[in-house]
Number of protein chains: 2
Amino acid sequence: MGTTIKDIAKLAGVSPATVSRVLSGQTDFYSEKTAKKVKQAVKKLGYQKNTSAVELVTQKSHVLAVIISTIQTNAADQIIDGIQETAMKNGLDVIILYAGEKNLDLQRRALETVIERTVMGILLVAIDLNTKNDALLRSANIPFLFLSIGFLKGRFPFISSDDFQVGYQATKYLMDKGHTKIGFAAADPETVIGQLRLAGYWKALSSNHVTPKLDWVYDGEFTYDDGISAMSYYEQHTDLTAAVASSDLAAIGMLNQAQKFGIRVPNDFAVISIDGTFLCTIMRPQITSVTQSFREMGVKGVETLLSQSIKQFKSLYTPIKITERQSS
Amino acid sequence: MGTTIKDIAKLAGVSPATVSRVLSGQTDFYSEKTAKKVKQAVKKLGYQKNTSAVELVTQKSHVLAVIISTIQTNAADQIIDGIQETAMKNGLDVIILYAGEKNLDLQRRALETVIERTVMGILLVAIDLNTKNDALLRSANIPFLFLSIGFLKGRFPFISSDDFQVGYQATKYLMDKGHTKIGFAAADPETVIGQLRLAGYWKALSSNHVTPKLDWVYDGEFTYDDGISAMSYYEQHTDLTAAVASSDLAAIGMLNQAQKFGIRVPNDFAVISIDGTFLCTIMRPQITSVTQSFREMGVKGVETLLSQSIKQFKSLYTPIKITERQSS
DNA sequence: CTGTTAGCGCGTTCAG
DNA sequence: CTGAACGCGCTAACAG
């Protein structure tokens with residue numbers, strides 16, 4: 001779209017190669033004098049380098065791609081924040097693409113647009129990749145890493161919370177508060193995350209000789225509406241005194257529905273949510289949560305991608321902690 | 001990084017030119033037979049086109065860049081949603097970059113990474129561009145458009161709400177409810193948006209012969225904490241009975257602080273917020289809002305960029321409406 | 001320290 | 001319908 005190094009070479013009275021040397025920040029390969037001339041010409045012509053050309057010849061890129069599920073989770077903001085900051089520190093630019101959660105085509109498309117551009121790495125945030133796209137991701141030969149989602153049997157390397165522990169600790173916390181009839185609400189049993197958390201929940205109960213009834217577990221997809229439905233169900237069909245909500249939003253749904261039924265939280269019913277985003281603090285009552293280290297996932301994600309040993313990297317759990325607030 | 005059209009040309013027993021023709025979707029310029037051979041080879045070799053090379057030679061791109069401020073506004077999700085859907089419909093890929101709100105360098109960097117890649121268009125969402133970057137944006141010669149933010153004197157084309165009307169309607173609504181002592185909280189007077197809304201607020205009051213006192217306006221930056229501060233200030237220093245909050249989050253801050261003071265909403269104090277995101281519906285009481293058409297901004301934004309008449313395009317207001325809920 | 005040459009992967013003439 | 005040759009803008013290798 002315009003001015004090239006040839007143009008500025010002509011204006012500065014040097015060769016294109018020299019211009020290139022000055023502009024690509026090589027040191028000690030040109031004199032101050034010519035550098036100045038070149039820089040003046042650049043300014044005068046409003047030159048912008050053509051990255052397509054650069055990447056074509058260097059086969060390198062300083063762009064980090066982040067593919068993220070469209071799911072409205074405020075956790076993503078924190079992760080991106082961590083990514084952004086760490087990337088910046090390392091001179092990387094970040095581009096973000098949205099892909100559906102389970103939409104095969106959207107995922108493939110996002111992967112393709114990223115792969116076609118030889119980015120230096122791919123971070124997949126909260127994406128449960130359809131297995132049909134596994135090969136595509138692998139074939140690109142670009143370093144990649146999943147964030148905020150785990151896999152079984154080492155299918156892919158990831159950085160996330162230990163979701164078994166998430167489920168376990170949440171439940172354990174409620175039991176320590178004296179509850180035994182504890183629900184598990186709005187998690188998606190078709191996701192690895194949902195399965196692991198459920199297993200943790202189960203383990204915490206059974207370790208303390210509590211056998212959960214089947215209808216204590218109310219499936220969903222981590223949404224606000226699922227929280228509403230769960231609480232409605234519990235109110236009508238169970239005598240639970242507490243529940244683990246699969247996300248902050250689900251917890252909010254439960255609280256609101258509880259209020260509608262005249263159920264007081266935490267007195268009549270205690271809730272602990274999973275995530276611990278700012279939503280927990282702006283609600284009344286504020287919501288007790290298993291708080292995940294989202295920001296750290298982002299930071300560690302970039303660092304791992306950058307490290308030489310990325311190929312040996314297996315997986316990593318970031319810390320979780322219980323943040324006690326007012327809903328329990 | 002792998003297999004090129006030469007490789008597949010060899011495997012298919014044709015020339016690279018033919019491969020190119022088949023792959024770039026040209027019709028009627030090759031036989032079915034060769035097309036099949038080529039496609040087989042592509043699959044076998046797991047070929048992915050090199051976009052750098054394509055864009056270098058075609059000087060075109062089907063990528064739409066979205067630059068967005070890091071500010072935590074759930075409005076952005078809606079806008080992006082609209083962009084994404086419309087872009088997809090038109091065969092465009094979308095990449096998103098984050099830039100600080102007022103950070104000169106971050107903005108420049110985001111602009112540069114986008115301009116260097118000859119994207120087909122740039123959408124700037126909720127970015128109040130530092131004037132020093134104006135020239136950079138213009139020089140690129142790439143179609144662009146601002147979303148969710150307006151400008152004075154035609155500095156840049158934009159699509160947003162009419163922020164004067166936003167301020168006016170919000171205030172008018174409260175007056176129609178019988179309030180006369182109305183605050184204006186947590187807007188940033190250094191932004192065009194803040195100024196316009198304030199002017200609308202002022203106009204609504206004065207049209208009805210109410211002269212607002214100076215301390216009815218409590219400045220801020222649209223944040224949750226600003227909402228908290230505003231309500232604290234109002235409680236101590238004023239006898240207001242209602243207020244316009246500059247954002248949903250600010251409104252939530254006000255509500256929570258009101259509760260702390262034992263001020264009942266809406267009985268003792270009415271609040272209307274500006275934005276109308278899902279946050280309004282998950283709070284208790286649910287928050288009455290001036291609801292903006294964020295999704296539509298995204299949709300219209302892409303359509304405008306795509307239209308031939310982009311150069312003549314001036315600006316456009318998307319509709320606003322009052323959504324009455326429980327805080328007023 | 002600097003200019004010349006070659007070529008990254010692809011689309012597009014121009015001949016056949 | 002297909003192949004050969006050229007060039008997009010830039011960097012790298014090789015001479016000077």
Side-chain angles (χ1 to χ4, degrees), chain A residues 1-39 41-42 45-63 112-113 115-120 140-142, chain B residues 1-39 41-42 45-63 112-113 115-119 140-141:
Chain A
M1 210 74 88
T3 119
T4 75
I5 53 170
K6 275 187 191 167
D7 301 324
I8 91 156
K10 217 172 283 174
L11 184 60
V14 295
S15 78
T18 302
V19 175
S20 171
R21 284 191 269 257
V22 174
L23 263 42
S24 49
Q26 303 189 21
T27 356
D28 297 338
F29 279 93
Y30 51 83
S31 69
E32 276 304 314
K33 212 171 48 181
T34 52
K36 244 179 209 166
K37 281 194 295 186
V38 168
K39 283 178 186 164
V42 165
L45 269 43
Y47 166 81
Q48 285 292 139
K49 92 167 75 173
N50 182 323
T51 303
S52 293
V54 175
E55 290 183 350
L56 179 58
V57 56
T58 61
Q59 311 277 30
K60 272 181 210 163
S61 167
H62 57 190
V63 172
E112 278 176 351
T113 60
I115 290 173
E116 286 174 1
R117 278 167 201 276
T118 50
V119 295
M120 60 70 65
N141 225 22
I142 299 175
Chain B
M1 210 76 83
T3 117
T4 74
I5 53 170
K6 274 187 192 168
D7 301 325
I8 90 158
K10 217 172 284 174
L11 183 61
V14 296
S15 78
T18 303
V19 175
S20 172
R21 285 190 269 257
V22 174
L23 261 42
S24 48
Q26 304 189 21
T27 357
D28 298 340
F29 279 92
Y30 50 82
S31 68
E32 276 304 314
K33 212 172 46 181
T34 53
K36 244 179 209 166
K37 279 194 295 185
V38 168
K39 283 177 186 167
V42 165
L45 267 45
Y47 166 81
Q48 286 291 137
K49 92 166 79 175
N50 181 324
T51 302
S52 294
V54 175
E55 290 184 351
L56 181 57
V57 56
T58 61
Q59 310 277 29
K60 273 182 209 163
S61 167
H62 56 189
V63 171
E112 278 175 352
T113 59
I115 290 173
E116 286 174 1
R117 295 174 182 267
T118 49
V119 295
N141 226 22

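No experiment lies behind these values; they were computed from the predicted model shown. Chain letters run A, B, ... following the sequence lines, proteins first, then strands; residues in each count from 1.
Here B/T34 reaches the OP1 or OP2 of D/dT2: one of its side-chain N or O atoms lies under 4.0 Å away. Considering only side-chain N and O atoms, B/S31 lies under 4.0 angstrom from the phosphate OP1 or OP2 of D/dT2. At the phosphate of D/dT11, neither OP1 nor OP2 sits under 4.0 Å from any side-chain N or O atom of A/Q59. Contact check, A/T18 against C/dT2: no side-chain N or O comes under 4.0 Å of OP1 or OP2. When the side-chain nitrogen and oxygen atoms of B/T4 are compared with OP1 and OP2 of C/dG9, none of them lie within a distance under 4.0 Å. The side chain of A/Y47 contributes an N or O atom lying less than 4.0 Å from OP1 or OP2 of D/dC10.
A/K33 has its NZ atom 12 Å from the C1' atom of C/dT2, to the nearest Å. Taking atom CD1 of A/I8 as the reference point, atom P of C/dG3 lies 12 Å away to the nearest angstrom. For the pair B/E116 CD and D/dG9 P, the interatomic distance rounds to 15 Å; values are reported in whole Å. Counting to the nearest Å, the P atom of C/dG7 and the CG atom of B/L56 are 17 Å from each other. In this structure, the NE2 atom of B/H62 is 14 Å from the C1' atom of C/dC10, given to the nearest Å. A/K10 places its NZ atom 15 Å from the P atom of C/dG3, with the value rounded to the nearest Å. Across the protein-nucleic acid pair, B/R117 atom CZ and D/dG9 atom C1' stand 14 Å apart, rounded to whole Å. Rounded to a whole Å, the CD atom of A/E32 is 10 Å from the P atom of C/dT2.
Where B/A17 and A/L23 each meet DNA chain D at their nearest nucleotide, the meeting point lying more 5' is that of B/A17.
Relative to the side chain of A/A53, the nucleotides D/dG3, D/dC10, C/dC10 differ in distance, and D/dC10 lies closest. Listed nucleotides C/dG3, D/dC10, C/dG9 differ in distance to A/I5; the shortest reach to its side chain belongs to D/dC10. Comparing D/dC10, C/dG9, D/dA4 against the side chain of B/S15 picks out D/dA4 as the nearest. Nearest to the side-chain atoms of B/R21 among the listed nucleotides D/dT2, C/dG3, D/dC10 stands D/dT2.
Proximity of a side-chain donor or acceptor of B/T58 to a complementary backbone N or O of B/V54 within less than 3.5 Å is detected.
Considering OG1 of B/T34 and NZ of B/K39, their distance stands at 9.5 Å, rounded to 0.5 Å. If you take CD on A/E55 and CG on B/N50, they are separated by 9.0 Å, rounding to the nearest 0.5 Å.
In this structure, the side chains of A/H62 and A/M120 stay at 4.5 Å or more apart for every pair of heavy atoms. Residues B/L23 and B/K49 are not in side-chain contact: their nearest non-hydrogen atoms beyond the backbone lie 4.5 Å or more apart. Looking only at side-chain heavy atoms (C-beta outward), A/Y30 and A/V38 stay at 4.5 Å or farther from each other.
Using a 4.0 Å heavy-atom distance criterion, A/V14 is classed as a sugar-phosphate-only contact. Heavy atoms of B/V57 sit under 4.0 angstrom from at least one base atom. Nucleic acid contact class of A/S20 (heavy atoms, under 4.0 Å, all strands): base.
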